[in-house]
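Below: one structure, written as structure tokens.
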Amino acid sequence: MCGIIGLLIKKPELRNSLGELMVPMLIGMSERGPDSAGLAVFTETVAESHRKYSLYSSGKDFHWSELLDAFQAQFNTTVDLQTHGNQAVLITDLAPERMKQWLKEQDLQLHVLSTGRAIDLYKDAGSPPDIANRYNFKTLKGTHVVAHTRMATESAVTPAHAHPFTAGEDFCLVHNGSLSNPYSIRRKLEPRGIHFETDNDTEAACRFLEWRMQSGDTLEAALQQGFEELDGFYTLLIGTQDKLALVRDAFACKPAVVAETEDYVAIASEFRSLAHLPDVNTAHIYEPAPEEMYVWTV
Amino acid sequence: MDRLTFDLTQTPLREVNHFLHHNVSQNGGQAIDLLNPDGAHNIAVGLDAPIEVNILGHAGYYAAGMNKLANVTIHGNVGPGVAENMMSGRVHVKGFASVSAGASAHGGLLIIEGDTSLRCGISLKGADIVVGGNVGSFSAFMAQAGRMVICGNAGDALGDSLYEAVLYVRGSIKSLGADAQIEPMSEADYEVVKELLDKAGFSHAPHEFKRIASAKQLYHWNADANQEY
């Protein structure tokens, strides 16, 4: 199964309530995805010179302060670190290549979950309500969020296999369904220097679409390419710095429902994750058509 | 006559369905309203008494599935599999219906005022389906018996591998499936369309509809077909 969730806030006053509105959506999809959950939230954009890194430590008692000390001993530049247990968001003006190289050299079993100027990413194995509590999702603020509850079908249950997947900067994707050609997509991308971190099928879709955008496609053109190249069953929800996009495969085997008001656009695999939203009874509620693009801009 | 009301935020759905299955004969034929369905799965499934049930909101998967005799109205949208395997009675959706509406339904009438998603009436076995809006691709796939009246348009592969079911479409058909063909409307067809439109409460003119039925070429193995089906 798996549950997908998307929420884009149109009314600026509601952006501080993003987490409160989203958590019941996530918990509503617990039965569709009881083994892992995660989300990418797009917050205020940092300066062009800066980057945010969402980090995950596979060790339980990671000493983030030591990482901060080591960073400051090495580089004479700004750094800000917000920690949430074994995950943290680090903001710095160090160039992305140098930052990633340095993190690698530290050999701390730290994983970079996302990079960008607006994206923060949290994902972990466990039940969705536990994960929502663990990372205090209720307090999240921002313009839009892409979230997922996972029922593993094609690869292992680990934090790395949880969704969202990311590629490049400020780009993430969640998926309900299964792709039949992830390995042929990998074989196409790997010779171009694109590195995969897991054997998960969703990662192939994520890296494929981001590669198209790196190659100059708009999000819409990349999604059109996706219809040609991605084989299998999918409902995909994609987040970029200023957009939220929803697509389903030609057979629309995997569900999605959209509720749109003047204040927000909310997407979930099933209506029960939307039922609590304010004014949902007067919202425009519809099911996205197969192989059509639905793109909303912040 | 008073109405009996259950609020699904107060009473567990399992208890409500139990009441509808076992205790409904004691309530003197009162209509039953279900409040705050909020997309729950399996609301009013397996009913087998001539009762009236109103679901006031959106329902999830398999709403009113396996219905027998009951008259269920859903005042909202429904998820996959509404009225799946219905035997008799009437299921009326005021909004849109997701995939596989009326799948394998043997009898009774399913009315959907809005659009339906893909595979509406798949493997239909004798029920009547009237759709006010459009139907998605692969609708009436392998439909064996029964009638469908589609007031809007049909998607790809309408009526693929039909058996004896007959479809009437008012709007455009994106494509017909294997072995489905458009046939002339007879007087009997106009009467069927009128009867079903009247039952469903739609006022379109029967002469606006075209008939789609099986060309019956798939009934017999044709060794010369060379994979051309």
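Proteins come first, then strands; the chains are lettered A, B, ... in the order of their sequence lines, and each starts at number 1. All heavy atoms count here, side chains included; hydrogens, waters and symmetry mates do not.
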A:N181 side chain vs A:D231 backbone, donor-acceptor pair below 3.5 Å
yes
Short question: side chain of A:K123, backbone of A:H163 - any donor-acceptor pair under 3.5 Å?
no
Non-hydrogen atoms of chain B under 4.5 Å away: do they reach the side chain of A:A250, the backbone, both or neither?
backbone
Below 4.5 Å from any heavy atom of chain B, which atoms of A:E270 appear? Answer side chain, backbone, both or neither.
side chain
Side chain from CB out, backbone as N, CA, C, O: work out which of these in B:N77 comes under 4.5 Å of a heavy atom of chain A, or both, or neither.
side chain
Examine whether an atom of B:S137 lies under 4.5 Å from a heavy atom of chain A, and if so say whether it belongs to the side chain, the backbone or both; otherwise answer neither.
neither
Looking at B:D128 and B:R147, does any basic side-chain N land under 4.0 Å from a carboxylate oxygen?
yes
A:S127 side chain to A:D130 side chain, donor-acceptor N/O pair below 3.5 angstrom
yes
